[in-house]
**Student:** 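Here it is, the structure, as structure tokens.
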Amino acid sequence: METICPIDSQFKDQISAFLKPPSLLEVQDYFDQLIASKQIRGLKVKPNGEYGKGIYAEEGFEEGGLVLKDQMLVGAQHSSNKIDCLVCSFCFRFIGSIELQIGRNLYLHDLGVSMNNECTWQTSSQILKDCYQSHSSGGEDYSDVEDPQNFGECASSSSKNKISLPKEVVESLMNGELVLPYSKEFPLPPVVSCPGGCREAYYCSQSCAEADWDLHHSLLCGGETSKTLCEALSKFTQHANETNDIFLLAAKVISFTILKYRKLKVAHQKSATSDASNCDLPLLLEAWKPISMGYKRRWWDCIALPDDVDACAETAFRMQIRELAFTSLQLLKAAMFDKECELLFSLEIYGHIIGMFELNNLISSGGLFLVH
């Protein structure tokens with residue numbers, strides 16, 4: 001039996017307005033303003049009804065010259081990749097040092113075989129705290145350093161044939177005591193902790209930390225929230241890591257929209273007629289505008305049928321995908337629900353957000369990214 005999402009019924013008309021594709025004129029106007037705001041010269045985004053959006057050069061560029069540099073809308077590192085490298089949670093550049101990257105990788109892979117021991121968790125967290133402190137820019141508090149439990153099953157992926165280095169060597173790599181030849185020729189930015197003190201996000205600079213906090217992370221950070229909300233966030237993240245980490249990107253989109261809506265509403269509350277307690281739909285639509293530019297379909301409608309699923313079982317498969325999305329949505333709702341932005345927590349919108357990633361992602365071995 002198909003699960004019914006009450007929000008879908010309650011906000012049917014508003015949801016239709018959200019998911020209505022923008023006209024070609026609206027798309028053209030949006031990207032013209034975006035390019036002008038970033039002072040990009042010589043490029044033009046032109047929508048085409050048959051082929052979608054395209055970027056066209058309006059002047060010549062020198063060979064090897066920078067043509068376009070833009071910020072991704074949202075991005076996420078694959079949970080399975082987090083054990084292999086420590087990167088900035090906003091711009092995804094490597095951070096710390098070559099020694100920290102190698103030592104941490106070896107340490108976490110070796111740790112996988114004993115992750116079921118609570119004492120191992122506590123000891124490993126303290127070792128990681130010490131090594132991050134030694135590679136920070138100074139003054140950072142790592143009392144809530146990343147917990148190896150957060151890597152889930154990927155932490156147990158060490159090879160049976162792997163030859164382990166002595167523990168003292170690995171720890172000396174991580175804490176900076178052992179310096180590898182020529183590593184100074186490849187300096188990395190220092191580790192900057194999350195402003196909210198969570199164990200999930202680290203950054204290459206204070207500017208990246210602040211930008212991520214303002215755009216997405218402040219609603220998804222377990223550091224400053226209550227224990228109940230922290231547990232809810234943990235359950236959502238665990239479910240995403242165990243099923244499909246595309247849910248983490250969808251959560252960032254919803255967080256981005258809510259935070260942008262709040263800023264727009266504050267700016268408009270100077271008006272005497274503004275009501276601080278009710279949703280301002282035009283402002284919410286404005287906050288949603290960057291996301292509205294992405295081509296969307298429901299995830300369970302557009303996902304490719306796996307090779308091991310027979311055509312006769314396609315309906316049941318797509319129903320299972322829908323139920324999976326609904327479970328994720330309920331977990332996310334428990335962690336960061338906002339009454340004013342309630343319609344963002346409809347299954348219809350959530351399904352279209354995930355479907356947008358299915359159709360528009362830039363996928364690498366390390367993560368998922370959505371750009372303009």
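The analysis underlying the following values was restricted to heavy atoms, covering all of them including side chains, and did not include hydrogens, waters or symmetry mates. For clarity, every value in this text was computed on a predicted model and none was experimentally measured.
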**Student:** Any link between Phe186 and Leu100 through a network of hydrophobic side chains (Ile, Leu, Val, Met, Phe, Trp, Tyr) touching at under 4.5 Å?
**Tutor:**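 Cluster IDs for Phe186 and Leu100 match.
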**Student:** Minimum heavy-atom separation for Cys5 to Ser346, with atom names?
**Tutor:**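 Smallest interatomic distance, heavy atoms only, reads SG-CA, 4.1 Å.
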**Student:** Can you tell me if CZ on Phe94 sees more than 12 non-hydrogen neighbours from other groups inside 6.0 Å?
**Tutor:**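 Not more than 12 within 6.0 Å, no.
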**Student:** What is the minimum heavy-atom distance between Gln101 and Leu86, and which atoms define it?
**Tutor:**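 Reported closest heavy-atom pair: NE2-O, 2.7 Å.
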**Student:** At what distance, to the nearest 0.5 angstrom, does NZ of Lys38 lie from CG of Leu68?
**Tutor:**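 Output value for this atom pair is 9.0 Å.
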**Student:** A side-chain contact here means heavy atoms from C-beta on lying under 4.5 Å apart; do Ile15 and Lys20 qualify?
**Tutor:**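 No; the side chains remain at least 4.5 Å from each other.
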**Student:** Does Arg318 make a cation-pi contact with Trp300 (under 6.0 Å, within 45 degrees of the axis)?
**Tutor:**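 No, cation not above the ring by the 6.0 Å, 45° rule.
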**Student:** Determine whether Met72 and Cys91 make a side-chain contact, defined as any pair of heavy atoms from C-beta on separated by less than 4.5 Å.
**Tutor:**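 Not in contact.
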**Student:** Do Tyr295 and Leu285 belong together in a cluster built from hydrophobic side chains that touch within less than 4.5 Å?
**Tutor:**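 No, because Tyr295 and Leu285 fall into different hydrophobic clusters, even though each may have its own neighbours under 4.5 Å.
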**Student:** Donor-acceptor pair, Gln14 side chain versus Leu281 backbone, under 3.5 Å?
**Tutor:**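 Answer holds: no.
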**Student:** Can you name the nearest heavy-atom pair linking Gly103 to Val170, along with the distance?
**Tutor:**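 So the minimum-distance heavy-atom pair works out to O-CG1, 3.3 Å.
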**Student:** Closer than 3.5 angstrom, by distance alone: can the side chain of Glu59 be matched with the main-chain N or O of Leu43 as a donor-acceptor pair?
**Tutor:**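 Looks like no, no N/O pair under 3.5 Å.
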**Student:** Hey, does the side chain of Ser234 reach the backbone of Cys230 with a donor-acceptor pair shorter than 3.5 angstrom?
**Tutor:**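 No, because the side chain of Ser234 does not come within donor-acceptor range (under 3.5 Å) of the backbone of Cys230.
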**Student:** Check whether any side-chain N or O of Asp8 sits under 3.5 Å from a backbone N or O of Leu347 as a donor-acceptor pair, and report yes or no.
**Tutor:**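 Yes: the side chain of Asp8 pairs with the backbone of Leu347.
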**Student:** What's the separation between atom CD1 in Ile4 and atom CD1 in Ile7, rounded to the nearest 0.5 Å?
**Tutor:**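 Answer rounded to 0.5 Å: 13.5 Å.
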**Student:** Compute the centroid of each ring, for Phe90 and then for Trp213, and state whether the two points are separated by less than 6.0 Å.
**Tutor:**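 So the answer is no for these two rings.
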**Student:** Taking 4.0 angstrom as the limit, do Lys289 and Glu26 come out as a salt bridge?
**Tutor:**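 No salt bridge links Lys289 with Glu26.
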**Student:** Measure from the side-chain N and O atoms of Asn105 to the backbone N and O of Asp84, and report whether any donor-acceptor pair falls under 3.5 Å.
**Tutor:**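 Answer holds: yes.
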**Student:** Between the side chains of Gln33 and Asp29, is a donor N or O closer than 3.5 angstrom to an acceptor N or O?
**Tutor:**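 Yes - a donor-acceptor pair under 3.5 Å links their side chains.
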**Student:** Looking at Lys235 and Glu231, does any basic side-chain N land under 4.0 Å from a carboxylate oxygen?
**Tutor:**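 No, this pair does not count.
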**Student:** Could you tell me whether a side-chain N or O of Lys296 sits under 3.5 Å from a main-chain N or O of Gly294, the two making a donor and an acceptor?
**Tutor:**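 Judged by distance alone, yes, a pair lies under 3.5 Å.
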**Student:** I'd like to know whether Phe247 forms a ring-ring contact (aromatic ring centres under 6.0 Å, His included) with Trp299, so could you lay out the CA-CA distance, the side-chain angles of the two residues, the decisive distance to 0.1 Å, and finally the verdict.
**Tutor:** CA-CA 11 Å; Phe247 296 140; Trp299 182 41; 5.5 Å; yes
**Student:** So do the side chains of Gln77 and Val87 get within less than 4.5 Å of each other, counting heavy atoms only?
**Tutor:**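 Heavy-atom side-chain distance check passes, below 4.5 Å.
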**Student:** Is it the case that atom CD in Glu58 sees more than 12 heavy atoms from other parts of the structure closer than 6.0 Å?
**Tutor:**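 Yes, CD of Glu58 has more than 12 neighbouring heavy atoms, counting only those of other groups under 6.0 Å.
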**Student:** Spell out, yes or no, whether Val179 and Val169 are grouped together once hydrophobic residues are joined by side-chain heavy atoms under 4.5 Å, including indirect joins.
**Tutor:**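 Shared cluster, no.
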**Student:** Roughly how far, to the nearest 0.5 Å, is the CD atom of Glu323 from the OG1 atom of Thr327?
**Tutor:**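 One gets 6.5 Å once the value is rounded to the nearest 0.5 Å.
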**Student:** At what distance, to the nearest 0.5 angstrom, does CD of Glu348 lie from OG of Ser16?
**Tutor:**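 If we round to the nearest 0.5 Å, Glu348:CD and Ser16:OG are 8.0 Å apart.
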**Student:** Looking only at heavy atoms, what is the nearest atom pair of Thr243 and Leu324, with distance?
**Tutor:**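 Shortest heavy-atom separation between Thr243 and Leu324 comes out as CG2-CD1, 3.7 Å.
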**Student:** Looking at Val192 and Ala209, what are the two nearest heavy atoms and their distance?
**Tutor:**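 Answer, listing the atom of Val192 first, then Ala209: CG1-CB, 4.4 Å.
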**Student:** Ignoring hydrogens and angles, write down the donor-acceptor pairs under 3.5 Å from the side chains of residues 248-260, residues two or more places apart or on other chains.
**Tutor:**
from, atom 1, to, atom 2, distance (Å)
Lys252, NZ, Gly75, O, 2.6
Ser255, OG, His216, O, 2.5
Thr257, OG1, Val253, O, 2.9

**Student:** Between the side chains of Glu286 and Tyr261, does any donor sit under 3.5 Å from an acceptor?
**Tutor:**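 Not at all, the side chains of Glu286 and Tyr261 share no donor-acceptor pair under 3.5 Å.
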**Student:** If we ignore hydrogens and angles and just use 3.5 Å, is the side chain of Asn360 paired with the main-chain N or O of Met356 as donor and acceptor?
**Tutor:**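 Yes, the answer is positive, given that a donor and an acceptor are paired below the 3.5 Å cut-off.
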**Student:** Using a distance-only test with no angle check, is there a side-chain donor-acceptor pair under 3.5 angstrom linking Asp280 and His268?
**Tutor:**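 Short answer, no.
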**Student:** Do the non-hydrogen side-chain atoms of Tyr202 and Cys194 ever get within less than 4.5 Å of each other?
**Tutor:**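 Side-chain contact under 4.5 Å: no.
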**Student:** Tell me whether the rings of His217 and Tyr203 are parallel (<30°), tilted (30 to 60°) or perpendicular (>60°).
**Tutor:**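 Aromatic pair His217/Tyr203 classed perpendicular.
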**Student:** According to the ring-ring contact (aromatic ring centres under 6.0 Å, His included) rule, which pairs have a member within residues 37-75, sequence neighbours left out?
**Tutor:**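 Of all non-adjacent pairs touching residues 37-75, none passes ring-ring contact (aromatic ring centres under 6.0 Å, His included).
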**Student:** Do Leu359 and Ile291 land in one hydrophobic cluster if side-chain heavy atoms of ILVMFWY residues count as linked below 4.5 Å?
**Tutor:**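 Not linked; separate clusters.
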**Student:** Compute the ring centroids of Phe345 and Tyr350, then answer whether they are less than 6.0 Å apart.
**Tutor:**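 When the ring centroids of Phe345 and Tyr350 are compared, they turn out to be at least 6.0 Å apart.
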**Student:** Considering only NZ, NE, NH1 and NH2 on the basic side and carboxylate oxygens on the acidic side, decide whether Asp214 and Lys263 come within less than 4.0 Å.
**Tutor:**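 Not counted as a salt bridge, because no side-chain N and carboxylate O are separated by less than 4.0 Å.
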**Student:** Taking the side chain as every heavy atom from C-beta outward, state whether Val45 and Ile35 have any atom pair closer than 4.5 Å.
**Tutor:**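 Yes - at least one pair of side-chain heavy atoms lies under 4.5 Å apart.
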**Student:** Counting distance only, does the side-chain N/O of Arg298 pair as donor-acceptor with the main-chain N or O of Gly351 below 3.5 Å?
**Tutor:**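 No, Arg298 side chain to Gly351 backbone: no donor-acceptor pair under 3.5 Å.
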**Student:** Any chance you could measure Leu344, atom CG, to Ile349, atom CD1, to the nearest 0.5 Å?
**Tutor:**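 Nearest 0.5 Å value for the CG-CD1 distance: 5.5 Å.
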**Student:** For residues Glu358 and Arg297, determine if any side-chain heavy atom of one lies less than 4.5 Å from a side-chain heavy atom of the other.
**Tutor:**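 Answer no - side chains too far apart.
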**Student:** What closest approach, in Å, do Glu200 and Ser89 show between heavy atoms, and which atom pair accounts for it?
**Tutor:**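 Scanning both residues, the minimum pair turns out to be O-OG, 4.1 Å.
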**Student:** Charged N to carboxylate O below 4.0 Å: is that the case for Glu171 and Arg104?
**Tutor:**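 Between Arg104 and Glu171 there is no salt bridge, as every charged N stays at least 4.0 Å from the carboxylate O atoms.
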**Student:** Spell out, as yes or no, whether a donor-acceptor pair under 3.5 Å connects the side chain of Asn244 to the backbone of Ile246.
**Tutor:**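 Yes, because the side chain of Asn244 sits within donor-acceptor range (under 3.5 Å) of the backbone of Ile246.
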**Student:** How many angstroms lie between atom CE of Met293 and atom CG of Leu73, to the nearest 0.5 angstrom?
**Tutor:**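 So the gap between those two atoms works out to 11.0 Å.
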